[in-house]
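Convention: sequence-line order gives letters A, B, ...; per-chain numbering from 1. No hydrogens, no waters, no symmetry mates; every other heavy atom, side chains included, goes into these values.
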Amino acid sequence: MSDNQEQLAAIAVTLPDGSVRSFPSGTTGIEVAQSIGRKLAQDALALKVNGKTVDLGLPLSADASIEIVTFDSPEGKDIFWHSSSHIMAQAIEELFPGSRFGAGPSIEQGFYYDVASMHRFREEDLRLIEQKMLEISKRDTKIQREELSREAAIEFFKTTRQDPYKVEILEETLKSVETVSLYHQEGFTDLCTGPHIPSTSKLKAVLLTNISSSYWRGDSSRENMQRIYGITFPSEKMLKEHVERLEEAKRRDHRKLGAELGLFMLSPEVGSGLPIWLPKGAIIRNELESFLKEEQRKRGYLPVYTPHIGNIELYKRSGHYPYYSDSQFPPLTYHDEEGKQEQYLLKPMNCPHHHLIYSSAMRSYRDLPIRLTEFGTVYRHEQSGELNGLVRARGFTQDDSHIYCRPDQLVDEICSAIGLTQFVFGTLGFSDVQTRLSMHDPANQAKYGGTAEVWAQAEKDVKEAADRMGIDYFIGIGEASFYGPKIDFIVRDALGRKWQLGTVQVDYVMPERFDLTYIGSDGQKHRPVVIHRAPFGSMERFIGVLIEHTAGNFPLWLAPVQAVVLPIAEDVHEYAASVRQALLDGGIRVELDTRSEKIGRKIREAELSKVPCMIIIGQKEQESGEVSLRRHRIGDEGRFSVSGLVEKLRKEISEKT
RNA sequence: GCUGAUGUAGCUCAGUCGGUAGAGCACUUCCUUGGUAAGGAAGAGGUCAUCGGUUCAAGUCCGAUCAUCAGCUCCA
């Protein structure tokens with residue numbers, strides 16, 4: 001086809017608003033954007049043609065529905081940050097010649113690039129690299145795509161670029177691909193499917209955040225690389241907003257708030273990863289435990305208690321010991337007078353104890369389901385670098401239950417466990433919850449117990465229950481536990497990191513290992529199925545995430561101090577004390593502030609300590625026998641009679657709003 | 001566990017070239033008795049994470065350990 005013919009042919013381009021425009025064939029994305037508006041052309045980063053993102057410079061040769069991709073969309077951010085990682089690599093190459101590049105993707109909040117370099121990167125280097133990136137942006141370098149055969153690309157990276165990492169990707173990951181694409185920007189070239197932003201000049205603001213190490217291809221037996229993280233924006237203002245968001249997240253950090261509000265502490269004298277609940281934190285935990293106990297009582301759960309340690313044989317039998325011996329505290333070894341040795345494990349999970357309770361009596365099919373429940377404290381020796389306040393600890397308490405049921409009851413029981421978890425999350429205001437069906441990885445059979453048939457059945461049951469409950473889930477291959485698939489409820493913390501809280505797990509393996517049985521209607525022995533479930537997951541982790549979620553502004557029913565009585569002057573102290581007593585009698589956690597400070601000061605301090613209700617008392621209140629209520633973060637709510645206030649607060653507490 | 005960073009008063013942080021430790025807030029006492037986010041004054045508060053080394057002299061330089069932070073890896 002000659003150029004001339006191309007010019008003559010017209011194509012119909014459908015825009016997102018449904019309008020159709022005609023363009024000569026060969027029109028590029030940027031030209032379409034320019035025809036719509038100057039601002040859009042300026043913001044345009046890439047083009048989406050029939051749902052597929054492509055470079056802005058790609059000529060359109062057929063009718064298509066298109067969309068101009070800008071930074072506002074998730075695809076736009078992805079492309080922008082991916083391109084930024086290339087620009088960072090170019091900057092690093094210019095500053096530190098000889099550096100080689102591994103993987104450099106965009107991530108949820110920015111990008112990183114894994115670098116192999118003789119130079120050991122330091123904090124100061126990041127500032128230099130940032131400057132260089134902005135300099136490259138000012139050069140307004142065009143980013144150009146080139147397609148070529150895999151062989152030619154291998155040759156290019158072997159000779160011109162001398163980059164063994166890209167060669168390895170081409171020879172292994174891409175071995176069945178014939179044509180690959182390269183992106184050139186001045187002297188720097190990267191292997192990449194793209195698309196990319198048209199020019200380095202789109203990048204206006206850059207912040208390189210940290211340096212860490214990674215393994216080439218995520219394999220701990222391969223070489224270490226230096227991973228540099230960063231984030232970039234098409235304007236300075238957006239970077240500023242991003243930094244402000246980070247600072248806000250820092251203020252919400254449960255480790256910071258936990259110390260400020262006196263909720264919990266960690267001490268090297270006790271041991272790292274072993275949180276200690278302070279009185280105020282213990283109130284929150286206690287309220288949550290009481291709440292769940294009550295819900296479970298309504299749902300037919302039977303509370304039990306089991307010891308904190310167990311004979312190691314128990315865990316060998318369950319299979320936990322061989323599967324997870326590296327993440328357990330070493331066994332306690334005990335020798336009796338005759339030299340006989342016994343070993344005990346700090347319990348890493350509660351299930352084996354519960355299974356023994358099940359099998360301590362003969363069970364009839366009429367008895368099932370049996371739902372044993374316990375707030376069971378477990379100890380796991382997590383790697384030191386993993387520890388993180390309450391959300392990743394070495395000693396923590398699971399709201400653990402094991403439901404023993406007949407196969408015909410299983411899906412119903414999974415559904416009701418999901419229902420309970422949803423109720424708990426709903427009550428605590430977690431709306432942004434992701435649900436993952438955690439399935440096994442068939443390629444890694446050694447990681448799991450049980451037969452293929454059992455796994456197929458269990459995964460089918462889990463999926464059926466999730467579908468019946470109308471859950472919007474995604475599948476996580478390889479995320480199952482060794483004994484069965486799970487439904488995991490995942491919530492983000494203030495910094496956007498994801499944590500698994502609630503979980504519902506199906507288990508056909510333990511009933512075999514512990515030879516659990518019930519007598520069926522046919523008079524024969526049958527195998528029950530076990531469901532492991534924990535709506536909170538771990539009290540520590542849940543409360544850690546809850547602190548960040550609420551920024552320490554707990555709902556009234558959970559607040560460690562629900563109200564503080566603030567007398568304005570000494571002449572009303574006596575009345576204030578009687579108000580405090582009335583609130584105490586009403587079951588409200590209340591304090592009285594009789595310091596000789598001005599009311600403004602008392603209010604400020606109550607606000608900062610996030611007490612939900614301030615009860616302000618002066619002459620006027622004393623004369624009328626009333627109180628003034630001021631709400632945390634809201635302000636004055638007017639006067640109430642003492643009994644009316646108690647009533648109001650009690651109602652709010654019982655409704656858990 | 002790995003890579004990097006950090007560790008000074010209860011908290012947030014200064015501390016220059018190595019020369020006997022500083023601020024604000026909080027705390028204690030006194031004055032002040034007030035109306036919805038900081039009244040005033042004075043005082044007390046430190047084995048500079050721990051251990052070792054270099055030096056006439058170490059918060060400061062070097063090493064180890066512990067803890068914390070970010071990420072990696074792992075995660076019942």
Quiz item: Does B:C72 have OP1 or OP2 sitting under 4.0 Å from an N or O in the side chain of A:Y112?
Solution: no

**Phosphate contact (B:G1 OP1 or OP2) by A:S384 side-chain N/O below 4.0 Å** =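 Looking at the OP1 and OP2 atoms of B:G1, one of them is under 4.0 Å from a side-chain N or O of A:S384.
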
Quick one, A:E605 with A:R595, criterion salt bridge (Lys or Arg N to Asp or Glu O under 4.0 Å). Give me CA distance, side-chain angles, the key distance, then yes/no. CA-CA 12 Å; A:E605 287 175 16; A:R595 294 173 307 158; 2.8 Å; yes

Name every residue in [range] that has at least one heavy atom under 4.0 Å from any atom of RNA chain B, in order of residue number, or write none if there are no such residues.
range: residues 528-540 of chain A; value: none
range: residues 311-319 of chain A; value: none
range: residues 433-441 of chain A; value: none

Could you tell me whether a side-chain N or O of [X] sits under 3.5 Å from a main-chain N or O of [Y], the two making a donor and an acceptor?
X: A:S85; Y: A:G104; answer: yes
X: A:E130; Y: A:L208; answer: yes
X: A:D399; Y: A:F536; answer: yes
X: A:R394; Y: A:E382; answer: yes
X: A:W81; Y: A:Y112; answer: no
X: A:E540; Y: A:T397; answer: yes
X: A:H320; Y: A:P348; answer: no
X: A:K447; Y: A:G478; answer: yes
X: A:D507; Y: A:M510; answer: yes
X: A:Y404; Y: A:H355; answer: yes

Starting at atom [atom1] of [X], determine the distance to atom [atom2] of [N], rounded to an integer number of angstrom.
X: A:R604; N: B:C25; atom1: CZ; atom2: P; answer: 11 Å
X: A:R595; N: B:U29; atom1: CZ; atom2: C1'; answer: 15 Å
X: A:R227; N: B:C2; atom1: CZ; atom2: P; answer: 18 Å
X: A:I634; N: B:A37; atom1: CD1; atom2: C1'; answer: 15 Å
X: A:I211; N: B:C72; atom1: CD1; atom2: C1'; answer: 14 Å
X: A:I107; N: B:G71; atom1: CD1; atom2: P; answer: 9 Å
X: A:R639; N: B:U36; atom1: CZ; atom2: C1'; answer: 13 Å
X: A:K498; N: B:G71; atom1: NZ; atom2: P; answer: 14 Å

Decide, yes or no, whether a salt bridge links [X] with [Y] under the criterion of side-chain N to carboxylate O below 4.0 Å.
X: A:E479; Y: A:K486; answer: no
X: A:E172; Y: A:R217; answer: yes
X: A:E637; Y: A:R631; answer: yes
X: A:R630; Y: A:E607; answer: yes

Q.
Would you call the rings of A:Y483 and A:H532 parallel, tilted or perpendicular, taking 30° and 60° as the class edges?
A.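 Rings of A:Y483 and A:H532: parallel, as their planes differ by under 30°.
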
Should the ring pair A:H308 and A:Y379 be called parallel, tilted or perpendicular, given that the plane angle runs from 0 to 90° and is split at 30 and 60?
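If you compare the ring of A:H308 with that of A:Y379, the planes turn out tilted.
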
Given Watson-Crick and G-U pairs under 3.5 Å, RNA chain B in dot-bracket ([ ] crossing, | other strand) is (((((((..((((.....[..)))).(((((.......))))).....(((((..]....))))))))))))....

| Residue whose closest nucleotide on RNA chain B lies nearer the 5' end, A:S214 versus A:S628 |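 Residue closer to the 5' terminus by nearest nucleotide: A:S628.
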
Contacts of A:Q619 and A:R394 projected onto RNA chain B by closest heavy atom; the upstream (5') one is A:R394

Would one find more than 12 heavy atoms of other residues, nucleotides or ligands at under 6.0 Å from atom CZ of A:F474?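 Result for CZ/A:F474: enclosed.
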
Closest to the [X] side chain: [options]?
X: A:Y215; options: B:G71, B:G35, B:C2; result: B:C2
X: A:D636; options: B:C27, B:U36, B:A70; result: B:U36
X: A:N388; options: B:C27, B:A70, B:G35; result: B:A70
X: A:A569; options: B:U36, B:G35, B:U33; result: B:U33
X: A:R255; options: B:G35, B:A70, B:G1; result: B:A70

Nucleotide N/O to protein N/O under 3.5 Å, stretch nucleotides 39-41 of chain B:
| from | atom 1 | to | atom 2 | distance (Å) |
| --- | --- | --- | --- | --- |
| B:G39 | OP1 | A:R601 | NH1 | 3.0 |
| B:G39 | N7 | A:E597 | OE1 | 3.4 |

Between [N] and [M], how many Å separate the two [atom1] atoms, rounded to a whole number?
N: B:A58; M: B:A21; atom1: P; result: 12 Å
N: B:A14; M: B:U8; atom1: P; result: 11 Å
N: B:U32; M: B:U20; atom1: C1'; result: 40 Å
N: B:A9; M: B:C27; atom1: C1'; result: 11 Å

| message | With a 3.5 Å cut-off and heavy atoms only, can you find an N or O donor on one side and an acceptor on the other between the side chain of A:E621 and the base of B:G35? | response |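 Under the 3.5 Å cut-off, the side chain and the base do form a donor-acceptor pair.
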
N/O donor-acceptor pair, side chain A:S212 with base B:G4, under 3.5 angstrom: no

Classified by glycosidic angle (syn within 90° of 0, else anti), B:C17 comes out syn

Report which part of the nucleic acid [X] touches: base, sugar-phosphate, or nothing (heavy-atom distance under 4.0 Å, all strands).
X: A:S267; result: nothing
X: A:K602; result: nothing
X: A:L608; result: base
X: A:I599; result: sugar-phosphate
X: A:D571; result: nothing

inquiry  = As a quick check of understanding, evaluate salt bridge (Lys or Arg N to Asp or Glu O under 4.0 Å) for A:E548 and A:R252, giving each step before the final call.
reply    = CA-CA 5 Å; A:E548 305 200 347; A:R252 296 174 88 100; over 6 Å; no

Any side-chain donor-acceptor pair under 3.5 Å between [X] and [Y]?
X: A:E570; Y: A:S596; value: no
X: A:Q619; Y: A:D571; value: yes
X: A:S628; Y: A:E621; value: yes

Distances for protein N or O near nucleotides 74-76 of chain B N or O, under 3.5 Å:
| from | atom 1 | to | atom 2 | distance (Å) |
| --- | --- | --- | --- | --- |
| B:C75 | O2 | A:R392 | NH2 | 2.0 |
| B:C75 | N3 | A:R392 | NH2 | 3.3 |
| B:A76 | OP1 | A:Y324 | OH | 3.1 |
| B:A76 | N6 | A:Y324 | O | 3.4 |
| B:A76 | N6 | A:S327 | O | 3.4 |
| B:A76 | N6 | A:S327 | OG | 2.2 |

